[in-house]
Amino acid sequence: MLTQQTIDKLSVMKLNGMSKGFEEQLSSAAAQGLSFEERFGMLVDQEQTFRENQRLRRLLKTAKLKANACVEDIDYSHNRGLDKAQMASLNSSDWISRGFNLILTGPTGCGKTWIACALGNQACRHGLSVLFQRVPLMLEELQLGHADGSFRKRLMALAKVDLLILDDFGAATLNAQSRGDLLEVIDSRSGGKATAITSQIQVELLHDYLSGGNPTMADAILDRLVSGALRINLKGDSMRKLRALKL
């Protein structure tokens with residue numbers, strides 16, 4: 001009875017890792033031979049691991065990553081322009097903590113989105129908040145936000161995450177409103193928050209895409225997004241095509 005009461009109390013206090021670990025110790029002959037300090041240390045470790053796993057699941061759910069990708073599965077066997085030393089540096093997520101931006105460019109199917117999601121997954125493992133957004137859909141939602149009064153709330157949600165992944169940057173046709181919204185998003189994150197974009201448009205051509213007859217707006221966006229940003233320029237055939245050839 002006393003044992004069950006202890007388990008129940010641990011659950012009420014939301015010490016679920018300890019609760020499960022305590023139950024396991026009760027049924028483990030090996031655990032009975034350990035000292036109190038050793039057994040208690042194991043319970044603390046199990047609680048810490050449980051909480052870390054819970055947080056990771058929560059971060060990944062909130063991130064809404066498009067691909068179930070991880071850095072350990074990045075394919076270096078094809079010459080796509082990936083530098084292992086650069087990727088090893090990015091895997092540390094230090095660039096996110098320091099608020100650097102990342103620009104991934106290259107043709108369709110070369111793996112830009114997949115790599116961005118792998119880095120997003122890695123950031124979640126490091127306890128950082130991530131949000132994946134397709135730019136065309138994000139701009140539509142921001143436009144709706146102007147109509148229903150939720151624009152500022154949506155903007156703040158985009159501003160506060162440690163890493164914002166903007167996928168398909170350059171795929172949406174921009175008008176004056178969407179250019180202004182895009183500038184608001186980028187500006188809200190300048191000075192400490194990291195943004196990663198994937199685009200089929202090379203960096204040198206982004207000004208033409210963003211200007212639309214308003215070069216000042218394009219200058220403002222690029223100054224905040226590109227200045228000092230890390231870059232990965234992928235090349236080669238579609239990864240789907242290469243994998244199909246292997247089969």
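All residue numbers in this chain count up from 1 along the given sequence. Everything quoted here is computed from the prediction, not taken from an experiment.
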Would you tabulate the side-chain donor-acceptor contacts of residues 126-140 under 3.5 Å, counting partners in other chains and residues two or more places apart, or write 'none'?
{"from": "H126", "atom 1": "ND1", "to": "S92", "atom 2": "O", "distance (Å)": "3.4"}
{"from": "H126", "atom 1": "ND1", "to": "S93", "atom 2": "OG", "distance (Å)": "2.9"}
{"from": "H126", "atom 1": "ND1", "to": "Q122", "atom 2": "O", "distance (Å)": "3.4"}
{"from": "S129", "atom 1": "OG", "to": "D162", "atom 2": "N", "distance (Å)": "2.9"}
{"from": "S129", "atom 1": "OG", "to": "D162", "atom 2": "OD2", "distance (Å)": "3.1"}
{"from": "R134", "atom 1": "NE", "to": "D168", "atom 2": "OD2", "distance (Å)": "3.0"}
{"from": "R134", "atom 1": "NH2", "to": "D168", "atom 2": "OD2", "distance (Å)": "3.1"}

Which atom of A116 lies closest to which atom of T198, heavy atoms considered: CB-CG2, 3.9 Å

Minimum heavy-atom distance L65-G120, with the two atoms named: CD1-C, 4.1 Å

Qualifying salt bridge (Lys or Arg N to Asp or Glu O under 4.0 Å) pairs with a residue from residues 122-132, counting only residues at least two apart or across chains: E72-R125

T108 vs Q200, side-chain hydrogen bond (donor to acceptor under 3.5 Å, both in side chains): CA-CA, chis, key distance, verdict: CA-CA 7 Å; T108 300; Q200 295 183 46; 3.0 Å; yes

Pair listing, ring-ring contact (aromatic ring centres under 6.0 Å, His included) test, anchored in residues 81-109, at least two apart: none

Report all side-chain donor-acceptor pairs from residues 203-210 shorter than 3.5 Å, counting only partners two or more places apart or in another chain.
{"from": "H207", "atom 1": "NE2", "to": "D219", "atom 2": "OD1", "distance (Å)": "2.7"}
{"from": "Y209", "atom 1": "OH", "to": "A172", "atom 2": "O", "distance (Å)": "2.6"}

Residue pair L234 / C110: nearest heavy atoms and the distance that separates them: CB-SG, 3.6 Å

Pairing residues for S190 by the side chain to side chain donor-acceptor pair (under 3.5 Å) criterion, not counting sequence neighbours: none

Heavy-atom pair of closest approach, residues R189 and T195: NE-OG1, 2.9 Å

Check: G170 main-chain N/O paired with S199 side-chain donor or acceptor under 3.5 Å: no

Where I74 and R80 come nearest, the two heavy atoms and their spacing: CG2-NH2, 4.3 Å

Minimal non-hydrogen separation, L155 against S188, with atom names: CD1-OG, 4.1 Å

Test item: side-chain donor near acceptor, S178 and N175, under 3.5 Å: yes

Pairs under 3.5 angstrom only: tabulate donor-acceptor contacts from the side chains of residues 222-231 to other protein residues two or more places apart or in another chain.
{"from": "R224", "atom 1": "NE", "to": "D187", "atom 2": "OD1", "distance (Å)": "2.7"}
{"from": "R224", "atom 1": "NH1", "to": "A220", "atom 2": "O", "distance (Å)": "2.9"}

